[in-house]
2 protein chains.
Amino acid sequence: MAVTIRDVGARAGVSQATAARALGGYGHVSAAVHTRVKQAAVELGYVPNSVARALASGITHAVGLVVGDIENPFFSAVARGMSNVLDDNGHTLLLANSDEDLDRERVAIEALRARQVDSLVVVPSSASASPHLRAAAADAPLVLLDRTIPRLAVDSVTVDNKGGARRAVEHLIEHGHRRIGLVSDEPDISTSAERLAGYRAALLGAGIAVDEHLISLGGPTPEEGYRAARRVLEAPDRPTALFTANNFMTLGAMRAMRDLDLKVPRDLSLVGFDDLEWTTLVDPPLTVVAQPATELGEAAARRVLARLAGADGRPRRVRLETKLIIRASCASIA
Amino acid sequence: MAVTIRDVGARAGVSQATAARALGGYGHVSAAVHTRVKQAAVELGYVPNSVARALASGITHAVGLVVGDIENPFFSAVARGMSNVLDDNGHTLLLANSDEDLDRERVAIEALRARQVDSLVVVPSSASASPHLRAAAADAPLVLLDRTIPRLAVDSVTVDNKGGARRAVEHLIEHGHRRIGLVSDEPDISTSAERLAGYRAALLGAGIAVDEHLISLGGPTPEEGYRAARRVLEAPDRPTALFTANNFMTLGAMRAMRDLDLKVPRDLSLVGFDDLEWTTLVDPPLTVVAQPATELGEAAARRVLARLAGADGRPRRVRLETKLIIRASCASIA
DNA sequence: ACGAGGCGTGAGAACGCTATCAGACCGACC
DNA sequence: GGTCGGTCTGATAGCGTTCTCACGCCTCGT
């Protein structure tokens with residue numbers, strides 16, 4: 001059906017093997033044959049079959065990405081970043097969603113492995129090094145994105161969650177707040193644990209005792225964010241400031257404030273996580289800890305490329321900086 | 001390296017061919033051998049090599065998706081929808097970004113074709129049926145997503161843009177507005193042209209002459225939306241209502257209103273396109289034309305599956321409905 | 001002038017699977 | 001008892017590449 005390298009060879013009057021050499025740029029080919037073959041290739045519109053190439057060479061030039069949900073702006077930015085550098089290097093991105101479900105993640109990884117991806121980038125949905133991750137790491141470079149897993153010695157690309165959270169809470173403290181609530185994700189994922197640690201560190205650093213009642217955890221969805229926020233906001237002696245350490249939960253928390261008729265920053269100061277488009281559009285514009293999501297993806301892709309280029313050695317852990325973007329959602333306490 | 005079907009056969013004490021039959025479920029295999037082979041497969045942790053399978057069978061079970069930018073929430077929802085149905089059917093999604101650039105689109109499509117994808121889903125970045133699209137359509141089912149291309153007879157999955165836009169403008173008219181501005185994308189892409197047509201139809205239906213000065217077009221970015229909005233809002237005799245027919249441009253338009261100190265809906269009524277998370281969070285919550293983005297992706301994937309299952313016949317054009325979601329950004333004129 | 005060595009080329013094996021084909025074996029039927 | 005039809009199995013030919021090998025040729029050095 002399609003034109004193969006054999007057809008190209010035939011038209012150029014050489015064997016399939018020679019045509020392959022000319023096009024593949026390896027071995028020895030005379031200049032005359034080289035141009036002849038190249039021309040035959042364009043004339044016939046020859047496109048190398050990457051499936052055959054992959055089988056023969058054992059290299060697919062494909063990289064799998066497993067995220068919780070590509071609809072999450074953070075993950076789509078990551079995907080964009082990876083795609084940016086992968087596409088420029090002749091690689092293709094295979095995408096799968098895990099829905100933060102360990103079983104779906106397993107299935108996705110298996111499918112990607114069956115496809116012989118050269119490397120796998122995954123945002124692990126669980127904190128434990130499940131066997132399928134170890135297995136994946138065993139036969140192709142694995143890089144963990146955004147979240148790490150204890151006792152799994154592989155490359156990772158993450159963000160300084162603890163520092164970012166600490167900076168956010170310090171910002172609140174600088175405004176005179178001492179009762180600062182935390183709405184965050186379940187602490188069994190590393191990002192959440194680190195942000196919690198940053199929250200504690202900031203409080204401790206300022207000599208403020210941590211009140212566990214002000215910490216409200218839940219799943220990473222707007223709905224759970226809503227519930228978590230209400231829990232802490234409806235308690236007696238509610239906090240004067242809130243740090244929401246997850247973008248979807250920030251969304252829910254803001255709805256909770258609206259329903260509770262709490263105005264930001266008059267009744268409550270607020271710092272969120274992730275700098276998304278809408279954060280400048282709400283009133284007041286939101287002060288947030290920004291994560292370099294696209295860069296995270298790019299860094300992961302570069303890590304992959306480095307490993308594929310043969311970079312050996314022990315796991316490298318790349319950590320990018322977060323940045324506190326100060327807008328108008330924090331007020332000083334009288 | 002990896003365990004092959006030959007290894008499975010060896011362990012089960014049969015030939016590679018028989019093992020393949022047992023696992024592949026074709027031909028005749030005795031019950032005893034069947035179970036023996038299956039067990040050997042699990043014991044060895046056999047995972048079929050889909051690259052080899054693809055080469056031998058000519059079917060990759062891979063579908064390519066080319067969008068402008070996966071970071072656009074509309075496109076990530078589409079990708080999610082496709083992934084939903086594709087994953088459940090043993091297919092894999094290969095993702096590429098075109099940046100709305102014809103040349104990048106061409107490169108992306110070529111790469112995907114070289115990978116022998118069974119089918120291609122493209123959000124075309126140009127209105128003309130460029131040769132690479134025709135070529136792609138020639139050797140694998142092609143489905144156009146969101147936007148169509150005149151004179152390209154392939155499957156498409158779109159949304160009722162004209163009806164949605166018309167309904168939005170009618171909503172504004174019902175509030176007594178007669179000077180209604182339009183901020184939209186360049187009309188050489190079909191969605192924009194259709195929305196423009198819907199805008200005109202609504203006006204005409206109400207006996208209102210369309211004032212071309214109220215129509216402000218630009219690229220589909222927040223920045224261009226900002227410019228386009230300012231252009232129409234700073235003109236003498238500015239409109240009392242605005243319809244922004246693109247989600248990124250809505251974002252820009254809202255910034256323009258803020259800079260111009262125009263309050264919605266007091267100074268200006270507003271209807272946007274696309275129902276994103278943040279539209280309920282801004283003050284006032286935005287009235288928008290909602291598009292079923294995820295469903296769009298699912299429909300596209302189903303179309304692909306149908307074609308791959310052998311559904312022949314002339315191109316099918318699927319069109320989904322839009323829905324006006326009324327919130328609080330429109331006020332009646334005194 | 002002759003061997004060594006490099007260059008250019010074609011033949012062909014390998015990658016791991018699908019799928020066809022032919023042969024071995026069995027029971028059943030006339 | 002011989003033939004037929006069926007079931008089960010192994011051998012084997014691809015799929016379109018990559019890549020090794022062997023061979024012929026030319027050039028160069030001695």
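The chains referred to below are lettered A, B, ... by the order of the sequence lines, with proteins before strands, and numbering in each begins at 1. All of these numbers come straight from a predicted model, not from anything done at the bench.
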[X] side chain vs [Y] backbone, donor-acceptor pair below 3.5 Å:
X	Y	result
Arg147(A)	Pro124(A)	yes
Ser15(A)	Thr18(A)	yes
Ser192(A)	Glu186(A)	yes
Asp99(B)	Asp101(B)	no
Thr60(B)	Ala54(B)	no
Asp118(A)	His61(A)	yes

Problem set entry | DNA chain D-proximal residues of residues 53-62 of chain B, any heavy atom under 4.0 Å | Leu55(B), Ala56(B)

Exercise. Do you know the tightest heavy-atom contact between Glu71(A) and Arg80(B)?
Worked result: OE2-CG, 3.4 Å

Seminar exercise, completed: Comparing Ala17(B) with Val51(A), nearest DNA chain D nucleotide closer to 5' gives the residue Ala17(B)

Seminar exercise, completed: The answer to which of Ile5(A) and Arg21(A) contacts DNA chain D further toward the 5' end, by nearest nucleotide, is Ile5(A)

Exercise. Which of the following nucleotides, dT9(C), dT17(D), dC17(C), is nearest to the side chain of His28(A)?
Worked result: dT9(C)

At less than 4.0 Å, is any side-chain N or O atom of [X] found next to OP1 or OP2 of [N]? Yes or no.
X	N	value
Tyr26(A)	dG8(C)	no
Ser30(A)	dT9(C)	yes
Ser15(B)	dG10(D)	yes

Seminar exercise, completed: 5'-most contact on DNA chain C (nearest-nucleotide basis), Thr18(A) vs Arg6(B), goes to Thr18(A)

Nearest whole angstrom, please: distance from the [atom2] of [N] to the [atom1] of [X].
X	N	atom1	atom2	value
His34(A)	dT9(C)	NE2	P	11 Å
Gln16(A)	dG16(D)	CD	P	11 Å
Leu23(B)	dT18(C)	CG	C1'	13 Å
Asn49(A)	dC15(C)	CG	P	19 Å
Arg113(A)	dG16(C)	CZ	P	15 Å

Exercise. Looking at Val67(B), Val78(B), Asn72(B), Ile189(B), which hits side-chain contact (heavy atoms from CB on, under 4.5 Å) with Val123(B)?
Worked result: Val67(B)

Problem set entry | Polar contact flag, side-chain donor to acceptor under 3.5 angstrom, Ser130(B)-Arg106(B) | no

Exercise. Taking five pairs at each end of the helix from dA1(C)-dT30(D) to dC30(C)-dG1(D), what angle separates the two helix axes (nearest 10°)?
Worked result: 60°

